Number of protein chains: 2
Amino acid sequence: MRPSDLPEIRHLPLFRDMLQSNFEQLLQGAYAQNFPAGVELIRQGDPADFLHIVIEGAVELFAEWGEGACTMAIVQPIGTFILAACIKDAPYLMSARTLEKSRIIMVPAPDLRAVFRRDPEFAVSTITELAGCYRAVVRHAKGLKLRNSRERVAAYMVKHLRRAAPHMAFGLPVEKRVIASYLGMTPENLSRTLRQLEADGLRVSGTHVTVTDYDRLAAVARPDPLLDGPDP
Amino acid sequence: MRPSDLPEIRHLPLFRDMLQSNFEQLLQGAYAQNFPAGVELIRQGDPADFLHIVIEGAVELFAEWGEGACTMAIVQPIGTFILAACIKDAPYLMSARTLEKSRIIMVPAPDLRAVFRRDPEFAVSTITELAGCYRAVVRHAKGLKLRNSRERVAAYMVKHLRRAAPHMAFGLPVEKRVIASYLGMTPENLSRTLRQLEADGLRVSGTHVTVTDYDRLAAVARPDPLLDGPDP
DNA sequence: TCATATAATTGATAAATATCAATCAAATAA
DNA sequence: TTATTTGATTGATATTTATCAATTATATGA
């Protein structure tokens with residue numbers, strides 16, 4: 001592990017408040033690894049061995065059932081994934097693969113469980129982190145059930161535009177087929193929907209998104225913090 | 001609050017391992033209330049004031065957006081809800097209403113946060129509980145994205161049949177329209193799907209469900225612990 | 001650079017699902 | 001009990017979304 005990785009990790013909400021000695025011990029047993037794009041890091045159903053931290057690159061969490069598969073989330077720096085499986089000492093519910101060249105830190109699950117039993121601050125941070133993850137999935141599920149695909153696409157664009165504020169443009173973080181799967185639709189349907197949304201102030205060319213009429217687009221998306229998350 | 005409520009609550013995984021003194025203090029500030037059916041206990045967007053514990057009856061967690069609404073979960077005794085919002089001190093993401101005459105215990109959120117900061121066992125239980133909630137929603141979202149409505153209905157029936165094992169029959173716990181909404185479909189579609197599944201060993205008459213051919217039904221549902229939860 | 005693979009788009013069509021309206025059944029209250 | 005409300009079912013139809021096939025664009029590697 002690079003020494004330069006540590007301060008960044010230390011600043012994550014999950015690790016920010018714990019005792020220095022516990023932090024050091026936790027990352028003692030951890031190790032970093034660089035992966036090319038398209039590597040399967042985790043297979044759903046396997047026992048949870050490591051908490052993963054994405055330092056560079058991007059990781060797709062996806063689910064499979066029979067022939068089908070779908071994207072459940074994208075994790076980008078600096079983010080962690082599958083905390084819940086590690087804590088429950090249960091099988092992973094999702095698989096994970098790198099979308100690009102990525103640098104990942106892996107913290108052994110038993111160390112994690114040991115430390116939050118004796119560091120109350122870390123326990124509180126873990127609780128807060130998990131509560132945040134839970135709420136994120138609830139919002140995702142709400143979007144799937146309450147919005148149709150056109151509304152989900154519009155909401156996705158509005159959400160990313162807000163992050164890019166005050167600009168009225170941003171670049172898509174991942175391939176369109178991944179976005180389509182995340183939004184619970186086919187790539188063909190996404191393609192047609194983007195075309196259709198040109199009448200509502202959205203302009204997508206390749207990976208570049210421009211919003212020409214925010215109000216019109218927002219009228220389709222009807223953004224709501226209870227579905228799209230807090231404003232930032 | 002009835003004295004007879006306490007032992008039951010004390011046996012919940014969430015409260016089982018904490019110090020008796022902390023348990024007593026936590027429930028000191030709590031109070032129990034009886035509600036008729038159809039009462040809105042919580043409105044999404046409101047600040048999270050209380051952890052709710054269902055002692056008797058049934059509570060529907062639902063989400064609203066614009067004109068639309070959908071059922072997100074059913075909580076039955078003895079279960080808790082909206083732990084995550086209490087912990088994050090954030091607005092509720094879901095509304096809650098009683099589906100039947102229900103007895104609910106309400107624990108003030110600030111007490112909750114205070115106690116898990118000083119009782120490590122309670123912190124660990126909270127972490128485990130939240131991780132479990134998270135995984136439940138992930139499974140629900142996976143089901144919505146990977147299965148079509150026929151498969152979701154079949155899986156719902158298989159899941160409930162397993163709980164009723166070794167019987168090959170059980171009663172629907174809530175109205176069909178609630179089940180339909182939970183499964184992300186219209187009541188009409190559920191009705192037609194149930195009719196269609198008669199060819200696959202499922203027999204539903206009113207609230208009574210009988211499975212005449214488990215293997216055929218399971219062939220439609222393709223049950224999977226990563227979508228349907230652990231076997232019990 | 002070109003050749004090749006992969007992703008994105010487009011059109012045609014099919015399947016899934018929702019909507020609307022009418023009826024039927026079941027629960028509930030007077 | 002009967003009257004009334006509410007939920008469930010059914011049919012007809014519209015809409016949404018997926019599938020399949022072909023083409024175009026874009027990225028990737030020799």
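We name chains A, B, ... by the order of the sequence lines, and we start the count at 1 in each one. Keep in mind it's a predicted model, so treat the numbers as computed, not measured. Scope of the values below: all heavy atoms of this structure, side chains included, with no hydrogens, waters or symmetry mates.
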Kindly indicate whether the side chain of [X], heavy atoms from C-beta on, has any atom under 4.5 Å from the side chain of [Y].
X	Y	value
B:E60	B:V178	yes
A:V153	A:Q196	no
A:S149	A:L183	no
A:L217	A:T212	no

Nearest-Å distance, [atom1] ([X]) to [atom2] ([N])?
X	N	atom1	atom2	result
A:R147	C:dT17	CZ	P	21 Å
A:L144	C:dT17	CG	P	14 Å
B:K145	C:dA16	NZ	P	21 Å
A:L183	D:dA18	CG	P	11 Å
B:E198	D:dT9	CD	P	10 Å
B:L146	D:dA18	CG	C1'	15 Å
B:E175	C:dA27	CD	P	10 Å
A:K176	D:dT26	NZ	C1'	10 Å

Could you check which of [options] has an atom nearest any side-chain atom of [X]?
X	options	value
B:R192	D:dG11, D:dT19, D:dA8	D:dG11
B:R195	D:dT9, D:dG7, D:dT19	D:dT9
A:E188	D:dA8, C:dA7, C:dT10	C:dT10

Tell me whether the OP1 or OP2 atom of [N] has a side-chain N or O from [X] closer than 4.0 Å.
X	N	value
A:S191	C:dA8	no
A:T186	D:dA18	yes
B:N148	C:dA16	no

If you measure from CG on A:L227 to CG on A:L144, what distance do you get to the nearest 0.5 Å? 10.0 Å
Relative to the 5' end of DNA chain D, which residue comes earlier, A:S205 or A:N189, by the nucleotide with the nearest heavy atom? A:N189
